[in-house]
Amino acid sequence: MSAAPIDPPTPRPAVGRRTVLGAAAAVATGSALSGLSSPASAAPTAPKAAHAALPGGGDLGPNVIVFDPSTAGIQAKLDEVFRQQESAQFGTGRYALFFKPGTYSGLNAQLGFYTSIAGLGLSPDDTTINGDVTVDAGWFNGNATQNFWRSAENLALVPVNGTNRWAVAQAAPFRRMHVRGGLNLAPDGYGWASGGYIADSRIDGQVAPYSQQQWYTRDSSVGGWANAVWNMVFSGVEGAPAQTFPNPPYTTLDTTPVSREKPFLYLDGSEYRVFLPEKRTNARGVTWGNGTPRGTSLPLSQFYVAKPGVSAATLNQALTEGLHLLLTPGIYHLDQAVQVNRANSVVLGLGYATLIPDNGVTALKVADVDGVRLAGFLIDAGQVNSATLLEVGPQGATQDHSANPTTVQDVFVRIGGAGAGKATTSIVVNSRHTIVDHTWVWRADHGTGVGWETNRADYGVVVNGDDVLATGLFVEHFNKYDVQWFGQRGRTIFFQNEKAYDAPNQAAIQNGSLRGYAAYKVGDSVTSHEGWGLGSYCFYNVDPTIIQHHGFAAPNVGGVKFHNILVVSLGGQGQYAHVVNDIGAPTSGTDTVPSTVVSYP
């Protein structure tokens with residue numbers, strides 16, 4: 001891809017968004033590495049069973065493709081996967097592309113749907129591609145707002161023309177990357193774009209979002225940031241622009257209160273292991289910049305390597321026997337919940353491994369225990385309504401997990417799109433101190449099985465636990481509340497939301513005396529809550545006369561605070577009367593201009 005121009009063009013307004021534009025187009029615990037964390041956050045213990053009935057380790061399956069610098073035909077294989085996945089938005093293909101440590105030259109890895117690319121070193125700089133890892137939108141006529149479900153991780157890139165293109169929308173994390181050049185977040189031609197998320201990455205040059213409507217960058221280092229459209233949020237980012245919301249709309253926190261990076265697969269010699277980064281408080285910058293990263297490591301022999309077709313009973317047996325779960329790429333149908341009951345258990349998906357609960361069950365439940373790590377998989381609602389899809393902790397959970405929280409990272413939820421699906425509530429967080437780090441919880445607005453009642457899903461994320469932190473919260477299109485937060489001392493850094501496009505009329509979203517359900521509702525009994533950089537958008541294309549009373553609802557108490565929040569009417573398809581409660585100017589007209597509140601109360 002050619003380098004981006006220095007002076008960005010004026011971003012086009014995002015009128016129409018996806019729907020309208022779419023119509024147009026076993027062994028001891030793993031060896032500790034340097035800087036071991038405290039015992040509370042130590043590596044998970046080894047399996048208890050002396051002779052486990054289920055084996056650990058083993059082959060990663062046909063859809064995990066591993067390259068080394070001597071592999072012949074790498075570009076041809078990358079192109080083959082891309083041709084299959086480029087426009088397969090609701091297809092069944094799932095791929096993980098891994099590069100062993102070393103140097104690769106002359107590659108352009110174009111990523112389509114459900115494709116993850118990653119290096120297999122302990123540091124991104126162990127695996128260098130003299131070339132590009134590209135996401136563009138040629139398949140969709142230059143519109144990048146549907147470039148979902150793909151990821152890049154743990155690689156160093158030397159872009160051919162100095163700038164790598166990463167034009168993505170939701171559920172497309174860019175983690176633990178070193179770009180020795182610039183990063184362009186817009187598609188060729190600077191069409192619509194709606195991302196996105198960067199964490200634990202170093203971009204030596206400038207990041208140029210151009211048409212990107214919103215973006216969250218965490219615990220990283222950037223050489224500069226070119227522009228902003230509606231909502232750009234930074235926490236713990238060296239080189240981030242200064243706090244200037246709403247003009248330009250930069251929300252900048254010097255540090256991230258608590259973070260723990262996503263687990264990742266790597267090679268130690270010829271042995272696969274999973275690295276578990278340690279928890280950081282008041283984090284800033286990357287975790288890997290100065291020698292060996294801090295954390296612990298597990299051999300693959302402590303994981304049950306699951307393949308599509310395995311039963312939920314087998315997954316639960318593996319967990320009961322003390323193994324962790326590595327979900328290889330593919331689709332897993334579940335007739336009962338996967339029950340994670342042991343502290344420090346790891347459930348790690350590769351290549352957007354997808355869990356589909358059948359018969360109305362919950363896909364995955366976590367006990368009220370320390371240090372569970374859920375990462376890198378998609379939950380797709382089944383045809384029979386599930387009361388919940390993911391439960392972190394049981395109802396009434398009260399244990400203190402501050403020393404060793406559960407983390408939910410790159411865990412995505414979809415209701416409809418690939419077919420009719422239903423779920424009353426997608427994610428329920430009951431355990432205290434849980435960190436939800438980058439999720440996209442999506443009631444589909446396009447695809448198959450889509451309609452106001454066809455893919456009914458009333459609530460997106462419900463937080464009952466105290467002291468929960470969300471970093472990078474994307475929740476969209478639910479029939480009622482997208483987020484409800486009942487726990488005390490909750491915090492959210494960056495929130496992106498669209499209200500459901502397909503409300504048939506004003507009466508369909510009437511909420512008692514209020515017109516519409518808030519995108520983000522803080523419970524009436526909450527006395528302490530804080531949010532930074534939160535946005536809600538409406539696009540009521542079925543009935544453009546709908547009025548949404550507000551995007552945000554919260555008790556009017558001093559301990560409940562919002563910083564830098566906004567609402568946007570996309571092209572005048574519906575309007576907001578206020579931003580939060582009865583505060584904030586209404587949106588109006590078709591100009592797609594945000595209405596903002598810098599501080600609440």
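Not measured: the values here are computed from a predicted model.
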Looking at [Y], is [X] sitting on its ring face, NZ or CZ under 6.0 Å from the six-membered ring centre and within 45 degrees of the normal?
| X | Y | answer |
| --- | --- | --- |
| R150 | W166 | no |
| R94 | Y114 | yes |
| R491 | W532 | no |

Among side-chain atoms of [X] and [Y], is any donor-acceptor pair under 3.5 angstrom?
| X | Y | answer |
| --- | --- | --- |
| Q84 | Y95 | yes |
| Q146 | Q89 | yes |
| E476 | Y501 | no |
| N231 | N564 | no |
| Q488 | H529 | no |
| T256 | S235 | yes |
| T406 | S431 | no |
| Y266 | S297 | yes |

Would you call [X] and [Y] a salt bridge, taking side-chain N to carboxylate O under 4.0 Å as the test?
| X | Y | value |
| --- | --- | --- |
| D445 | R443 | no |
| D482 | K499 | yes |
| R175 | E261 | yes |

[X] side chain to [Y] main-chain N or O, any donor-acceptor pair under 3.5 Å?
| X | Y | result |
| --- | --- | --- |
| T115 | F113 | yes |
| N164 | V133 | yes |
| T354 | Y352 | yes |
| S220 | G285 | no |
| Q395 | N430 | no |

For the aromatic rings, using the six-membered ring if either is Trp, is the centroid distance between [X] and [Y] under 6.0 Å?
| X | Y | answer |
| --- | --- | --- |
| Y216 | H438 | no |
| W230 | W215 | no |
| F494 | F474 | yes |

Going by side chain to side chain donor-acceptor pair (under 3.5 Å), T424 matches just one of N385, D458, N479. Which one? N385
Option from H401, R432, Q399 for which side chain to side chain donor-acceptor pair (under 3.5 Å) with D368 holds: H401
Taking all heavy atoms of [X] and all of [Y], pick out the closest pair and write down the distance.
| X | Y | answer |
| --- | --- | --- |
| N497 | A519 | OD1-CB, 3.1 Å |
| A109 | I117 | CB-CD1, 3.6 Å |
| N154 | G119 | ND2-O, 3.1 Å |
| A169 | A144 | CB-O, 3.6 Å |
| A312 | D335 | CB-OD1, 3.9 Å |
| S201 | F174 | OG-O, 3.5 Å |

So, applying salt bridge (charged side-chain N to carboxylate O under 4.0 Å, His left out) with D437, which one of R260, R218, K262 is it? R218
Candidate list T388, V428, L389, L334, test side chain to side chain contact (heavy atoms under 4.5 Å, CB included), partner T362, passing option: T388
Under 4.5 Å between any side-chain heavy atoms of Y332 and I356, yes or no? no
Let me see the working for E153 and R176 under salt bridge (charged side-chain N to carboxylate O under 4.0 Å, His left out), right down to the final yes or no. CA-CA 5 Å; E153 185 173 359; R176 201 177 176 78; over 6 Å; no
Walk me through whether F478 and S426 qualify under side-chain contact (heavy atoms from CB on, under 4.5 Å). CA-CA 10 Å; F478 286 83; S426 290; 3.5 Å; yes
